[in-house]
Number of protein chains: 2
Amino acid sequence: MWYYVDPHSGIPIYVQLKEQIKKAVATGLLTEGEQMPSVRELALQLTINPNTVAKVYQELEREGVIQTARGLGSFVAERRKDFGLQQEGSLDSALEKLMVEAYQLSVDADTLYERFVKKLTTWKDRLWKGVRDNEPGH
Amino acid sequence: MWYYVDPHSGIPIYVQLKEQIKKAVATGLLTEGEQMPSVRELALQLTINPNTVAKVYQELEREGVIQTARGLGSFVAERRKDFGLQQEGSLDSALEKLMVEAYQLSVDADTLYERFVKKLTTWKDRLWKGVRDNEPGH
DNA sequence: AAAGATGTATTAGTTATATAGTACAATATA
DNA sequence: TATATTGTACTATATAACTAATACATCTTT
């Protein structure tokens with residue numbers, strides 16, 4: 001297991017773990033349907049409290065990243081198939097945030113564009129490629 | 001003043017205020033050299049504690065957004081002129097974070113590219129245009 | 001020197017975070 | 001049916017983060 005949390009980093013443990021799992025799902029380290037380690041098991045490996053892991057799993061389920069069931073375990077959920085108004089809004093906020101950050105970093109527009117395109121290239125295969133439910137099929 | 005904070009939003013007040021000020025600087029609502037409202041004044045307007053405002057100002061100064069001095073006040077700082085290794089790293093992290101978010105939102109690469117370009121257009125005038133210190137002059 | 005403005009430090013109270021321990025509920029398996 | 005595994009719930013405790021109230025230090029202006 002490649003998770004790692006630092007209790008003294010200033011960032012809450014449950015936030016650190018949640019971000020790592022979300023990134024693992026996004027990059028494909030965790031695949032759809034794959035079983036997550038149990039609450040107790042992961043807590044043991046990271047030497048943190050089971051309650052902290054449970055909190056992470058609950059939030060991840062609320063965000064649609066995993067699905068969980070008593071007695072069964074937790075599993076990586078299927079990715080959402082819709083890209084609706086709410087997602088549009090979230091994407092716009094994320095882009096806005098990026099621009100504010102870019103201003104602060106004194107990046108010029110050309111460099112920002114170049115870095116974005118480069119990053120997008122490495123992610124292209126991971127981003128959405130399927131057919132939307134509400135789209136006419138190919 | 002157009003700042004607004006919600007003590008019950010779950011997000012710490014000082015984080016809310018800091019983000020708003022950073023955005024105000026980035027968008028040009030606050031201009032270089034402009035005097036910020038005093039700690040007490042801003043605290044009064046937002047009906048929060050002066051210490052909370054002070055904490056925001058201290059962190060903003062540490063991040064190079066404002067400059068502050070006892071007895072004088074706080075002022076919007078000049079934007080940094082360098083774009084070095086540390087900024088490169090920060091930009092890469094920001095882009096990486098954007099991609100993870102995009103995965104979660106089920107955005108396809110083309111849509112993401114389109115939205116990015118559109119957003120970049122509206123920000124182009126605000127992003128860096130000056131001459132770097134370590135660059136040969138025009 | 002005095003007064004007024006400013007940011008800063010100190011102290012305290014409240015809330016969030018993390019842990020610990022135990023018990024419960026739901027599912028699979030022997 | 002019994003047992004083991006899983007996530008969940010509950011109470012309690014300790015620590016850190018956050019906010020608040022008050023006093024202090026620095027600078028400008030009078």
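Just so it is clear, the model here is predicted, and its values are computed rather than measured. Naming convention: chains lettered A, B, ... in sequence-line order (proteins, then strands); numbering from 1 in each chain.
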Trainee: Pick the nucleotide of DNA chain C nearest each of A:Arg70 and B:Gly71; which residue has the one closer to the 5' end?
Mentor: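 In this pair, the answer is B:Gly71.
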Trainee: Going 5' to 3' on DNA chain C, which nucleotide is the first and which the last to come under 4.0 Å of a heavy atom in chain B?
Mentor: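 Here the contact window of chain B covers C:dA5 to C:dT10.
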Trainee: Measure the angle between the two terminal helix axes of the helix from C:dA1-D:dT30 to C:dA30-D:dT1, five base pairs each, and quote it to 10°.
Mentor: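 Inter-axis angle at the ends, rounded: 20°.
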Trainee: Once you round it to whole Å, what is the distance between P of D:dT15 and CD1 of A:Ile11?
Mentor: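 These atoms are roughly 22 Å apart.
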Trainee: Between A:Gly10 and A:Gly73, name the one whose nearest nucleotide on DNA chain D is closer to the 5' end.
Mentor: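 Of the two residues, A:Gly73 wins.
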Trainee: To the nearest Å, how far apart are A:Leu72 CG and D:dT5 P?
Mentor: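 Between P of D:dT5 and CG of A:Leu72: 15 Å.
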Trainee: Output the rounded distance in Å from CZ (B:Arg40) to P (D:dT26).
Mentor: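 Between P of D:dT26 and CZ of B:Arg40: 15 Å.
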Trainee: For a 4.5 angstrom cut-off between non-hydrogen side-chain atoms, does B:Glu61 reach B:Ser74?
Mentor: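 No. Closest side-chain heavy atoms not under 4.5 Å.
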Trainee: Taking atom CD of A:Gln87 as the centre, does the number of heavy atoms from other residues, nucleotides or ligands within less than 6.0 Å exceed 12?
Mentor: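 Result for CD/A:Gln87: enclosed.
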Trainee: Any link between A:Leu95 and A:Trp128 through a network of hydrophobic side chains (Ile, Leu, Val, Met, Phe, Trp, Tyr) touching at under 4.5 Å?
Mentor: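 No, no single cluster joins them.
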Trainee: To the nearest Å, give me how far apart CZ (B:Phe75) and P (D:dC27) are.
Mentor: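 In whole Å, D:dC27 P lies 14 Å from B:Phe75 CZ.
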Trainee: Separation of B:Gln58 atom CD from D:dA25 atom C1', in whole Å?
Mentor: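 Those two atoms, CD and C1', are 14 Å apart.
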Trainee: Crowded around A:Lys124 NZ? As in, over 12 foreign heavy atoms under 6.0 Å?
Mentor: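 For A:Lys124, atom NZ is not crowded (no more than 12 foreign heavy atoms under 6.0 Å).
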Trainee: If every non-hydrogen atom of A:Leu127 is compared with every non-hydrogen atom of B:Met99, which pair is closest and at what distance?
Mentor: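 Result for this residue pair: CD2-O, 4.1 Å.
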Trainee: Less than 4.0 angstrom between a side-chain N/O of B:Lys55 and OP1 or OP2 of D:dC18, yes or no?
Mentor: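 Yes, because at least one side-chain N or O of B:Lys55 sits under 4.0 Å from OP1 or OP2 of D:dC18.
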Trainee: Any salt bridge (Lys or Arg N to Asp or Glu O under 4.0 Å) pairs touching residues 63-76 of chain A, not counting sequence neighbours?
Mentor: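 Counting only pairs at least two positions apart or across chains, the salt bridge (Lys or Arg N to Asp or Glu O under 4.0 Å) contacts touching residues 63-76 of chain A are A:Lys18-A:Glu63, A:Lys22-A:Glu63.
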Trainee: I want to check one thing: is the phosphate of D:dG7, taken as OP1 and OP2, less than 4.0 Å away from some side-chain N or O of A:Ser74?
Mentor: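 Answer is yes, contact under 4.0 Å.
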Trainee: Rounded to the nearest angstrom, tell me the gap between atom CE in A:Met36 and atom P in D:dT8.
Mentor: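 From A:Met36 CE to D:dT8 P: 13 Å.
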Trainee: Check A:Asp92 with B:Arg115, please: is the shortest side-chain N to carboxylate O separation under 4.0 Å?
Mentor: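 Salt bridge flag = no for A:Asp92 with B:Arg115.
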Trainee: Take the protein atom CD of A:Glu61 and the nucleotide atom C1' of D:dT8, then report the distance between them rounded to whole Å.
Mentor: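 Distance check: A:Glu61 CD to D:dT8 C1' gives 11 Å.
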Trainee: Which label fits B:Phe116 and A:Phe116: parallel for a plane angle under 30°, tilted from 30 to 60°, or perpendicular past 60°?
Mentor: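 Parallel.
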Trainee: Both B:Asn51 and B:Gln35 contact DNA chain C. Taking the nearest nucleotide for each, which residue is further toward the 5' end?
Mentor: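 First, find each residue's nearest nucleotide; the 5'-ward one identifies B:Gln35.
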Trainee: Verify the contact: side-chain N or O of B:Tyr14 to OP1 or OP2 of D:dC18, cut-off strictly under 4.0 Å; return yes or no.
Mentor: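 Looking at the OP1 and OP2 atoms of D:dC18, one of them is under 4.0 Å from a side-chain N or O of B:Tyr14.
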Trainee: Tell me if a side-chain donor or acceptor on B:Glu78 pairs with a main-chain N or O of B:Glu32 at a distance below 3.5 Å.
Mentor: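 Flag not set: sc B:Glu78 to bb B:Glu32 has no pair under 3.5 Å.
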Trainee: Within this structure, what is the CG-to-C1' distance between B:Asn49 and D:dA23, rounded to whole angstrom?
Mentor: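 That distance rounds to 13 Å.
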